[in-house]
Amino acid sequence: MSILHNILRHIANTFSRKSYLKSSPFGRWVAWGLFFLLGFSSFTSCVDTVILPDDKTVEEDFWKTKTQVQSMVNGAYTSMASEDVQRKLIIWQCRSDELNVNTSLSINELNQFDSNNLQTDNRHNSWASMYSVINTCNLIISKSAEVMDIDPNYLEGDHKNVVAQMKALRGLCYFYLIRAFRDVPLVLEPYKESSQQLSVGQTAAGVVLDQIISDLEEVKNDALSTANVTDNVQKYGCFTRNSIYALLADCYLWRASVNHSISDYKRCVELCDMIRDARGIAVKRSSNSSQFDDDGYNLNLFRNYFRSFVSGNDSESLLELQFNDNTGLCNAYYKSRSTSNAKPWFYTNSYYSSIKKNTNIGLNVNVFNQLHTSDAITDVRGFESVYNFNTGVEDEVMIRKYVGQNIIGDVIADAPSNRSYSGYRTNWIVYRVTDVMLMKAEAMIQIANLMHEDVKSVVSQIANAGSLHDSVSIAKSVYSKVQEISNSLVTGMRQVQIVNTRAQKDGISLYDSLAYKLNVQEAETADFARAVANYVSSLDKTCEDLELEVMNERARELCFEGKRWYDMLRYNYRHMNGVNYTTLMVDLGDNQAKNHEGFLSLMARKYTNRNGSALVANIKTEPYLYLPVLKSEVEVNALLRQNPAYKDRATAERNY
């Protein structure tokens with residue numbers, strides 16, 4: 001069966017199953033056009049992404065009403081919420097330290113990810129379903145403006161909202177693609193006829209990312225604000241202003257990490273603050289005996305941390321893919337098939353399944369480690385996210401998040417229980433508020449780290465000053481910048497503190513953000529100069545520790561939500577030198593940037609019963625972070641060039 005036929009079948013399923021949004025009527029001409037195309041596609045060898053309507057008569061009858069435009073928009077979202085896309089969102093990032101492939105199932109294509117021995121004919125390397133969504137978005141962007149001249153009910157504001165949503169959805173697809181493959185074809189115009197072939201070469205990831213950011217900046221305020229949407233499925237299942245801000249912040253954070261750009265980090269922070277401001281004024285609410293100040297983000301209390309993963313479309317969510325039957329997620333985390341004794345594709349490991357009291361900060365501590373000396377266990381998230389949490393179970397540790405159907409709201413371990421395989425009604429959360437808060441935290445710590453480079457030299461200058469006057473003058477010259485660094489660290493860690501506090505049954509956080517404050521007033525004294533010098537000299541270790549602590553808090557809060565691999569990649573990029581993100585990897589020849597040893601250590605640690613170092617030892621340079629282009633795509637598109645980590649033969653070069 002051709003890729004074209006698979007894509008069309010994917011689109012047909014989009015329109016034949018229960019609509020993504022409940023109010024999405026479709027005309028008989030849409031169905032006729034679809035099944036005409038499905039029949040036709042069986043006889044064509046085109047391997048492009050084709051979208052209905054293909055027949056010109058059908059197309060002429062199509063773009064006439066606001067309802068038809070909305071039907072296409074609904075179809076784009078439903079295409080994104082497909083079984084194949086859901087699987088990609090998990091499998092493409094399963095090389096993170098939180099997911100272990102269930103090798104006992106002997107699924108060769110998944111075992112390739114486990115062993116970092118990816119082959120070019122692995123079907124999970126296919127990007128067809130993503131480009132199907134992209135092409136739907138392109139078609140709507142291209143054609144929907146015509147409807148304003150025909151249907152008086154389709155107003156300019158409606159059209160701007162539609163374009164904003166489709167550019168955001170297209171941008172989300174491309175953002176996933178560049179983080180999975182790096183260099184990908186950038187297609188901004190629709191392919192409407194089956195005679196058109198998608199023969200487009202790759203564009204460097206940096207250029208694609210710039211396009212995503214440019215598009216989102218252009219349309220970010222054209223989407224509806226959440227306050228103007230009353231239907232929950234539309235509020236959380238479609239792009240609104242806040243979810244576009246979240247995607248844009250994520251893109252800036254990624255670009256900042258690759259390019260070590262302080263301006264991109266600052267823009268990320270601005271966008272996160274825009275989301276906070278849109279959610280209302282800061283409030284204080286009771287969290288057990290303490291007062292919980294969540295800085296205006298309006299978080300659930302710890303008892304309802306898990307509510308987002310049970311009921312769906314929770315108030316903490318910004319964007320969710322809406323599913324009536326999420327088979328892809330079911331296979332990954334619950335059961336690989338419908339039999340009673342079936343096992344999931346993925347387990348987690350002891351780094352995520354147990355608590356160890358450890359006051360050290362580092363790469364290889366357990367995610368839910370205790371940073372304080374108390375014996376009390378108060379963080380509910382491990383118990384909500386992992387079955388048999390902290391009970392000593394280390395083999396076949398099952399993921400509870402997106403599987404469990406009851407809220408624990410306590411520090412009590414839960415054993416795996418049964419739920420229906422079919423009708424797996426669980427949405428996939430793309431963005432939620434605490435993700436945004438921790439994006440801001442990450443950006444603020446990195447702003448401080450980059451600013452620190454400008455003031456490092458004052459430590460030796462103050463130490464070697466010839467007089468008290470000279471040392472005070474030197475300290476004064478950098479005081480405002482050091483204060484700015486201090487404020488950045490405190491603000492960043494305040495986000496971590498809030499997220500962490502919310503998850504604690506006793507309302508006491510592991511963190512005190514004020515511990516990172518510069519506590520000295522400007523004065524003409526030796527104590528002032530000494531305090532500035534000491535604070536600056538501590539920043540190397542402080543920034544290093546806090547970078548890891550933000551990562552750890554993201555792991556605690558967002559585990560198994562499709563975030564961890566990308567967190568690890570950003571960490572890697574921040575510690576890499578010589579990355580040329582605007583040039584195709586294949587054109588860099590031998591000038592590939594080397595991966596960071598700390599990143600490789602994170603990759604290796606999940607192989608608790610095997611030699612993890614050996615399994616990741618040859619992932620030395622940037623191309624090995626990314627998937628190969630599917631062999632069949634390269635064979636039919638002469639403009640595509642294979643990831644240089646992979647030979648023309650099936651297996652990655654590093655494994656020979």
Side-chain angles (χ1 to χ4, degrees), residues 86-87 89-91 93-94 96-102 105 300-312 314 316-317 320 323 326-336 340-356 366-369 377-421 423-429 432 434-435 499 502-505 552-564 606 608:
Q86 174 67 87
R87 285 175 172 167
L89 298 185
I90 297 173
I91 293 171
Q93 57 89 47
C94 73
S96 72
D97 65 346
E98 71 179 7
L99 294 180
N100 289 63
V101 173
N102 181 359
L105 296 176
N300 296 328
L301 300 182
F302 75 89
R303 297 181 191 88
N304 288 317
Y305 163 77
F306 201 64
R307 189 169 67 188
S308 300
F309 308 99
V310 175
S311 59
D314 183 71
E316 280 192 17
S317 285
E320 299 186 13
F323 285 90
N326 196 343
T327 305
L329 181 56
C330 177
N331 293 156
Y333 289 172
Y334 179 51
K335 286 185 177 182
S336 57
S340 60
N341 61 346
K343 302 295 184 181
W345 286 349
F346 299 102
Y347 295 120
T348 190
N349 55 71
S350 59
Y351 283 99
Y352 286 81
S353 66
S354 61
I355 297 173
K356 290 185 179 178
N366 282 29
V367 168
F368 291 95
N369 66 325
I377 295 172
T378 66
D379 193 327
V380 303
R381 292 172 297 185
F383 297 92
E384 299 278 23
S385 302
V386 179
Y387 281 119
N388 293 318
F389 182 76
N390 207 40
T391 61
V393 176
E394 294 191 357
D395 296 324
E396 298 188 352
V397 181
M398 287 189 64
I399 295 162
R400 186 176 185 274
K401 186 178 281 186
Y402 287 124
V403 179
Q405 295 182 287
N406 62 298
I407 299 170
I408 299 174
D410 207 338
V411 289
I412 301 171
D414 190 23
S417 57
N418 291 326
R419 63 176 293 181
S420 176
Y421 179 89
Y424 200 90
R425 294 179 61 88
T426 303
N427 292 345
W428 179 258
I429 300 172
R432 57 190 182 94
T434 49
D435 186 3
V499 173
R502 183 280 288 273
Q504 305 300 322
K505 184 179 176 182
N552 284 339
E553 188 61 30
R554 284 186 62 85
R556 286 187 280 268
E557 177 70 17
L558 304 166
C559 54
F560 319 121
E561 295 180 43
K563 304 288 181 180
R564 180 62 172 177
K606 71 177 181 181
T608 53

Are [X] and [Y] close enough that some pair of their side-chain heavy atoms sits under 4.5 Å apart?
X    : Y    : value
I91  : W345 : yes
R400 : F383 : no
I429 : D314 : no

Donor-acceptor pair, distance only, cut-off 3.5 Å: does the side chain of [X] make one with the backbone of [Y]?
X    : Y    : answer
N349 : D97  : yes
Y305 : R502 : no
N366 : I355 : no
Y424 : Y334 : no
Y352 : F560 : no
K505 : F302 : no
N427 : F323 : yes
K401 : F309 : no

Salt-bridge criterion met for R381 and E384 (N-O under 4.0 Å):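 Here R381 does not pair with E384 in a salt bridge, since their nearest N and O are not under 4.0 Å apart.
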
Can a salt bridge be assigned to the pair E98 and K563 using a cut-off of 4.0 Å between side-chain N and carboxylate O?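 The answer is no: the pair does not qualify as a salt bridge.
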
